[in-house]
Amino acid sequence: MNTHVKKWVDEIAALTTPDRVVWCDGSEEERARLTEEAVKTGVLMPLNQEKMPGCYLHRSDSSDVARTEHLTFICSPKEEEAGPTNNWMSPADADKKVLPLFKGAMKGRTMYVVPFLMGPVGSKFSKVGVEITDSVYVVINMRIMTRMGQVALDHLGSGEEFTRCLHSLGDLSPDRRFICHFPQKNEIWSVGSGYGGNALLGKKCLALRIASTLGQRQGWLAEHMLILGVKTPAGKMHYVTGAFPSACGKTNLAMLVPPASMPGWEITTVGDDIAWLHPGDDGRLWAINPEAGFFGVAPGTSMKTNPNAMRTIRTNTIFTNVALKPDGTVWWEGHDDPPVEGMLDWQGKPWDPKSGDKAAHPNSRFTAPAAQCPCISPEFTNPNGVPISAILFGARRQRRVPLVFQAETWQHGTFLGATLASETTAAATGKVGVLRRDSMAMQPFCGYNMGDYLSHWLEVGQKLTKPPGIFRVNWFRTDPDGKFIWPGFGDNLRVLKWVLERCDGGGKAVKTAIGWVPTADAIDLDGAAIERKQVEELLEVDAADWHEALELQKEYFEKFGSHTPGGMWKEHNELAKRVAA
Ligand code: GTP
Ligand code: SPV
Ligand code: MN
């Protein structure tokens, strides 16, 4: 047993005073035992085991259904280190305000010790965490989302370098809910929530907030990105990453099914939410997926939109806050099957289709092992990761932002990521549909000053002699009736095709004020359910529109004061000149 882990576990047991301590080894026997326990206590409900073997439903507290960003803190010694886009709490205040909430918090409960590995087994890029939690739901999810148990302790050996992740459900009250990150001591405290991103501490807390600070020190990037493999009909293999804000299409793009009208293209999934990016000795950028499962948005998932996800979640999947059908199967808005009589909504109440209420919570989710995905990449477990040809930055934008355009340079691409803004979704509590700045889709997940983070992006770029191309994409432009103009989903391959042509030195494009935009005939529309004229519209760049955007960008960069890198101001000023011309 690793003595550093043992010592910390003893300390936490003394603080939280659980009735019993259970060390998790990740075995099959343990999965069966914990699941049985969760069913007995009502935490999980077995679904129809004939139709959905190994699948369970969890209903969370109705006030605990999404990430709570206003209760999420970076606890660095100085406020400036957290920067203006993070909530900051001093470590001393955290000791006073948050630590007492753990005192005796596990009395009458079981304390689970969950060692977990983020990243492929045997990878020098992988990191170890240990989560202590009193939630059996968290343990069962961590088992899917990470490489959990002995494998993590083996990776750690006798070392001291692991992230201490302390979690308690507390009393689930938002008034006593805090998610605190301590980059300096490599520690996370989360209390008062059992929800995904707040409680499965390997995901957003470790693999993004803490890892981003490790990356800053060690010369790499932790990003909110999907990773996919694209094989062209000519047999050329490319890997692409994409940073889109929460509920903006990462899982869907990662599992894309090529349209029938594009034979010969093959898509494989390396990751759907998080990428760790390292500059390689060969001057290329390499990516690993630190996760082992998918924690995906259920609503909108169907055989039409994402058949690979539908096939992934047939077995061994935990569903959270979806609707329940009388036959013990699940349903959500956008499901292939029509709703039936006698369904229960996400809170377990009889659902009236005429009420206008949602049956499934808009942020209801599935947790499923990545290995079950029919299109999982053979490189998913490669300790070296995959070399990246292109990076996409995408967001939900009903207007202004074209379907796709390309940055001129790495610095310009960093600027396109930095100025990303998106309409908010149900993945975090708060109003939906409000436009907010979300640099690199990392605003809620960057563990340090975002100005310094942008500088770090520029520094990483300098190490790359063969940098990936950088692109902005937008699947979400709407017509006056509010309908999406671009068909999206599988048809997004048409955009990927142009992106990869550009990376290989081809692809027709025109230089505009904002970057390289494809000519309308450069996008392959063979067999697509959209007119060339509409695509022309989707590719329009209106200078007046961008004039307005410039003002907001300036305000944003000013927020970081001296932390805003000169390179970002340079890009901003050059854009202003081009827009004026
Ligand atoms: P997180 O797990 O929160 O990080 O979300 P994500 O970025 O993985 O988003 P996901 O792929 O789960 O998609 C979220 C919602 O957007 C779902 O309801 C999808 O059906 C919808 N969506 C995804 N891709 C497209 C697209 O190309 N067009 C349209 N119109 N909707 C899309
Ligand atoms: C997101 O909100 O970006 C998610 C879900 O991927 S959560 O794990 O809650 O962060
Ligand atoms: Mn996400």
Side-chain angles (χ1 to χ4, degrees), residues 60 64-69 72 138 141-142 145 179 190 193-209 223-228 242-257 259 269 271-275 291 293-306 308-310 313 320-321 332-335 360 362-368 392 394-398 403-404 422-430 432 438 441-445 473-479 482-496 530:
S60 69
D64 189 28
V65 292
R67 284 182 293 99
T68 39
E69 293 175 2
T72 302
V138 165
N141 277 272
M142 285 294 282
M145 294 305 297
I179 301 104
S190 167
S193 168
Y195 170 75
N198 293 339
L200 311 177
L201 300 187
K203 197 173 178 56
K204 296 304 172 25
C205 299
L206 191 164
L208 289 178
R209 296 195 191 95
E223 296 298 326
H224 191 199
M225 288 180 178
L226 71 105
I227 312 166
L228 87 166
F244 311 162
S246 302
C248 290
K250 288 182 299 303
T251 301
N252 276 270
L253 189 68
M255 299 179 189
L256 180 151
V257 175
T269 308
D272 84 321
D273 197 51
I274 298 179
E291 301 191 279
F294 307 128
F295 185 60
V297 177
T301 308
S302 70
M303 288 306 282
K304 280 192 285 308
T305 58
N306 194 348
N308 283 317
M310 291 301 277
I313 63 180
T320 301
N321 296 335
W332 47 77
E333 280 68 21
H335 199 283
N363 191 39
S364 54
R365 298 251 169 187
F366 53 77
T367 320
L392 315 179
R396 253 175 217 274
R397 294 298 295 268
Q398 295 182 21
L403 177 65
V404 59
S422 193
E423 289 135 19
T424 50
T425 66
T429 55
V432 167
D438 193 349
M442 278 290 279
Q443 195 99 310
F445 307 119
V473 298
N474 178 24
W475 318 140
F476 298 99
R477 283 265 281 255
T478 50
D479 65 15
K483 282 221 201 65
F484 295 117
I485 301 170
W486 178 246
F489 303 102
D491 286 301
N492 292 334
L493 180 57
R494 301 177 191 282
V495 172
L496 282 176
I530 184 168

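As the structure lists them, so they are numbered: ligands from 1, and atoms in each ligand from 1. Below, all heavy atoms of this structure are taken into account, side chains as well, without hydrogens, waters or symmetry copies.
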| field | Contacting atoms of ligand 2, where contact means under 4.0 angstrom from a heavy atom of K203 | value | 6 (O), 8 (O)
| note | Heavy-atom proximity to atom 3 (O) of ligand 2, picking from A427, G196, S246, G296, points to S246
| request: Just jot down the ligand 2 atoms closer than 4.0 angstrom to any heavy atom of D273, in number order. | output: 6 (O)
| field | Matching residue for E291 among K204, K250, K203 - test: salt bridge (Lys or Arg N to Asp or Glu O under 4.0 Å) | value | K203
| query | In the protein, what heavy atom is nearest to atom 4 (C) of ligand 2, and what distance, to one decimal place, separates them? | reply | K204 NZ, 2.8 Å
| How close do H224 and L208 get, heavy atom to heavy atom, and via which atoms? | N-CD2, 3.8 Å
| request: Give a yes or no on whether the backbone of A428 and the side-chain of E69 come within a donor-acceptor separation of less than 3.5 Å. | output: no
| said: Is there a side chain to side chain contact (heavy atoms under 4.5 Å, CB included) between D491 and W475? Walk through the geometry before answering. | reply: CA-CA 10 Å; D491 286 301; W475 318 140; over 6 Å; no
| message | Quick check: do I179 and C205 have side-chain heavy atoms less than 4.5 Å from each other? | response | yes
| field | Check: D273 and F295 side chains under 4.5 Å, non-hydrogen atoms | value | no
| note | Contact set, ligand 1, heavy-atom distance under 4.0 Å, ordered by chain/number, equals H224, P245, S246, A247, C248, G249, K250, T251, N252, D273, F295, V297, P299, G300, R365, R396, W475, F476, F484, G488, F489, N492
| When T367 is tested against each of N141, I313, L200 for side chain to side chain contact (heavy atoms under 4.5 Å, CB included), which residue passes? | N141
| task | List the atom of P362, the atom of A426, and the distance in Å for their closest heavy-atom pair. | result | CB-CB, 3.7 Å
| Is the closest heavy atom of K250 to ligand 2 under 4.0 Å? | no
| Protein N, O or S atoms under 2.8 Å from the Mn ion (ligand 3) | 3
| Less than 4.5 Å apart, any side-chain heavy atom of E423 and any of R397? | yes
| task | Examine distances only and state if a side-chain atom of N252 and a backbone atom of F489 form a donor-acceptor pair shorter than 3.5 Å. | result | no
| message | Hydrogens and angles aside, do T251 and D272 bring a side-chain donor and acceptor to less than 3.5 Å of each other? | response | yes
| task | Could you list which atoms of ligand 2 come closer than 4.0 Å to a heavy atom of F295? | result | 5 (C), 8 (O), 9 (O)
| If you measure from atom 5 (C) of ligand 2 to every heavy atom of E69, R67, R365, which option wins on shortest distance? | R365
| task | Report yes if the side chains of N363 and V65 come closer than 4.5 Å at any heavy-atom pair, otherwise no. | result | no
| said: Run the side-chain hydrogen bond (donor to acceptor under 3.5 Å, both in side chains) test on T72 and R209 for me, step by step, so that the C-alpha distance in whole Å, both residues' side-chain angles and the decisive distance to 0.1 Å come before the verdict. | reply: CA-CA 11 Å; T72 302; R209 296 195 191 95; 4.8 Å; no
| query | Is G197 in polar range of ligand 2, meaning some N or O pair under 3.5 Å apart? | reply | yes
| message | Using a 3.5 Å cut-off on N or O atoms only, is H224 in polar contact with ligand 2? | response | yes
